[in-house]
2 protein chains.
Amino acid sequence: MAARQTEQFDKLIATRKIVKRGDPLFRSGDRFKSLYVVGTGFLKSTVASTGGREQITGYHIAGELFGWDGINSGRHMFDAVALEDTEVLVLPYGRLEAAASVMPMLLTHIHKTMSREIVRDHQLMLVLGSMRAEERLAAFLLSLSQRFKARGYAHNDFNLRLSRAEIGSFLGLQLETVSRAFSRFVRDGLIEVNQKHVRIINAAGLRQAVIGVPG
Amino acid sequence: MAARQTEQFDKLIATRKIVKRGDPLFRSGDRFKSLYVVGTGFLKSTVASTGGREQITGYHIAGELFGWDGINSGRHMFDAVALEDTEVLVLPYGRLEAAASVMPMLLTHIHKTMSREIVRDHQLMLVLGSMRAEERLAAFLLSLSQRFKARGYAHNDFNLRLSRAEIGSFLGLQLETVSRAFSRFVRDGLIEVNQKHVRIINAAGLRQAVIGVPG
DNA sequence: CGACGGGTTGATCCAATTCAATAATCGTGG
DNA sequence: CCACGATTATTGAATTGGATCAACCCGTCG
């Protein structure tokens, strides 16, 4: 399935683009022209607010399609920043829309992808709005694991590519709180941690640490 | 503009549906068949989690299009509940997709609406992830006001149709905290409150209470 | 009229933030 | 390749914002 879709997308790719670790792919306010598929690497999306606050609102791993935020106003509303050297495939939006008109399957696929993003966002709201610190971290680890799995990567032994501060920003916590939650999970034998490398030892235990994650 | 679009949508409407205050339009797990436009009334979307937690993830006022959450999996992922007696226009999704293929403007419109939803969701994440209680409430009031304005309703004198508990659920706060924040704003002369009726007196002051809302 | 749901306000408590000190790791240039 | 400065992570102690527990008010509806 993934292969078929990739094949279809291939025809729509204008260019590939390399983004170096730490560099932005696009910034809030940039003119919106394209959607992107992550080829290799890892990116984060952030919303900034006047007042210096910043919230990480999502991350994008290899194979994922993103960049919807600019369609409405014609300008991007978030920043997308590479967390490691990353290659993205550029899909010019105009070309995509034109193609979608004659390829119903492609249209459906795009809608499904946007729909999935919306569902994921709402699940994150549940995390942000109603969970305590350890529950949030457990939910985050499980969801990350899921997404790696869905894309065919190792799912209980992986590299967070986010710093503690970034995880904190994503989960609405301070970095110290994130660090303490990690320590607790290690102490309880749920995970092993070595800096950014995490191995999930007891997934059931993690799940239990999140009374309330849907699915 | 709104008129033109409404006209286009009219052809796609299968039925109208009345939902009584407190009743669900759809529930998580229901088979996804249609998108909806709010005719008159007001609805909320909620995500529930095993463990009895519930988070309000959005609300929908007259004129707004919603229901994307089911496209991906074919089943709705949230509950949509009427907060007052509500009439919704039912747009069967299959028909919509077919029509969109031959009407590029309609397709663009749909994408823009989904895009706007995603942007709004991310802004709510910023609220949930980084603001303190009073900032959250101020941001909520301003955003509600904006949306009423965008739809042509009075925007500094309106009825919240949400209870304090529901506002709390939306903002990740307890109802007591919401109530206290309201009292504070009244004391500071920013708003007048009479139960669910709110009049914004000092919008600039409210905006200042949210150092950090984008826009 | 009494009961009940929704709202306000006060007192106490606790989880997470903040402040602070230390340790581990990374990256860079010599 | 190593050394050194700069990030990044861990852990502890003190503080605080919001949750929780509780009392009370008000309007509405049977």
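What you are looking at is a predicted structure, and each value in this text was computed from that prediction instead of being measured. Within every chain, numbering begins at 1; the chains are lettered A, B, ... in the order of the sequence lines, protein sequences first and strands thereafter.
Minimum atom distance to the side chain of B:K196 is reached by C:dG6, of the listed C:dG6, D:dT8, D:dG17. The side chain of A:L173 has C:dT17 as its nearest neighbour among D:dT20, C:dT25, C:dT17. In this structure, of C:dG27, C:dA15, D:dG18, it is C:dG27 that holds the atom nearest to the side chain of A:R21. With C:dC19, C:dT8, C:dT17 as the candidates, the nucleotide lying closest to the side chain of A:E176 is C:dC19.
For B:N194 and C:dG6, the CG to P distance is 17 Å, given to the nearest whole Å. Rounded to whole Å, the distance from CD on A:E134 to C1' on C:dA16 is 11 Å. If you measure from atom CG of A:L171 to atom C1' of C:dA16, you get 14 Å, rounded to the nearest angstrom. Rounded to an integer number of Å, the gap from CG of A:L83 to C1' of D:dT8 is 15 Å. The distance between atom CZ of A:R132 and atom P of C:dC13, rounded to the nearest whole Å, is 18 Å. Atoms CZ (B:R53) and P (D:dA19) sit 14 Å apart, rounded to a whole Å.
Along DNA chain C, the nucleotide nearest A:Q195 and the nucleotide nearest A:L175 are compared for position; the residue whose nucleotide lies closer to the 5' end is A:L175.
Geometrically, B:R75 does not engage B:F32 in a cation-pi contact, judged by NZ or CZ lying under 6.0 Å from the ring centre and within 45° of the ring axis.
Checked against a 6.0 Å centroid threshold, the rings of A:F78 and A:F26 do not count as neighbours.
Listed by first and then second residue, the salt bridge (charged side-chain N to carboxylate O under 4.0 Å, His left out) pairs that reach into residues 18-41 of chain A are A:R27-A:D79, sequence neighbours excluded.
Across A:T46, A:D69, A:D121, a single residue satisfies side chain to side chain contact (heavy atoms under 4.5 Å, CB included) together with B:H122, and that is A:D121. In summary, of the residues considered (A:F148, A:F42, A:Y153), a ring-ring contact (aromatic ring centres under 6.0 Å, His included) with A:F158 occurs for A:F148 alone.
Between B:K112 and B:E117, none of the side-chain N atoms (NZ, or NE/NH1/NH2) sits under 4.0 Å from a carboxylate O, so this pair counts as no salt bridge. The existence of a salt bridge linking A:R161 and A:E166 is excluded, since no basic side-chain nitrogen approaches an acidic carboxylate oxygen closer than 4.0 Å.
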- Message: Does B:H197 form a side chain to side chain donor-acceptor pair (under 3.5 Å) with B:D157? I'd like the steps, not just the answer.
- Response: CA-CA 7 Å; B:H197 184 261; B:D157 192 337; 2.5 Å; yes
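Using a 4.0 Å heavy-atom criterion, one finds that A:G168 contacts no nucleic acid atom at all. Base contact: A:T177 has a heavy atom under 4.0 Å from a base atom.
Residue B:Q208 qualifies as open at atom CD: its count of foreign heavy atoms under 6.0 Å is 12 or below.
Between A:Q174 and C:dT18 there is a side-chain N or O to OP1 or OP2 distance below 4.0 Å. For the OP1/OP2 pair of C:dT9 and a distance below 4.0 Å, the side-chain nitrogens and oxygens of B:S183 include at least one atom meeting the criterion.
Within residues 159-166 of chain B, the residues having any heavy atom under 4.0 Å from DNA chain C are, by residue number, B:S163, B:R164.
Judged by distance alone with a 3.5 Å cut-off, no donor-acceptor contact links the side chain of B:R180 to the base of C:dG7. Under 3.5 Å, the side chain of B:R187 and the base of C:dT8 form no donor-acceptor pair of N or O atoms.
Residues A:E54 and A:V47 are not in side-chain contact: their nearest non-hydrogen atoms beyond the backbone lie 4.5 Å or more apart.
Axis orientation changes by 40° from one end of the helix from C:dC1-D:dG30 to C:dG30-D:dC1 to the other, with each end axis drawn from 5 pairs and the value rounded to 10°.
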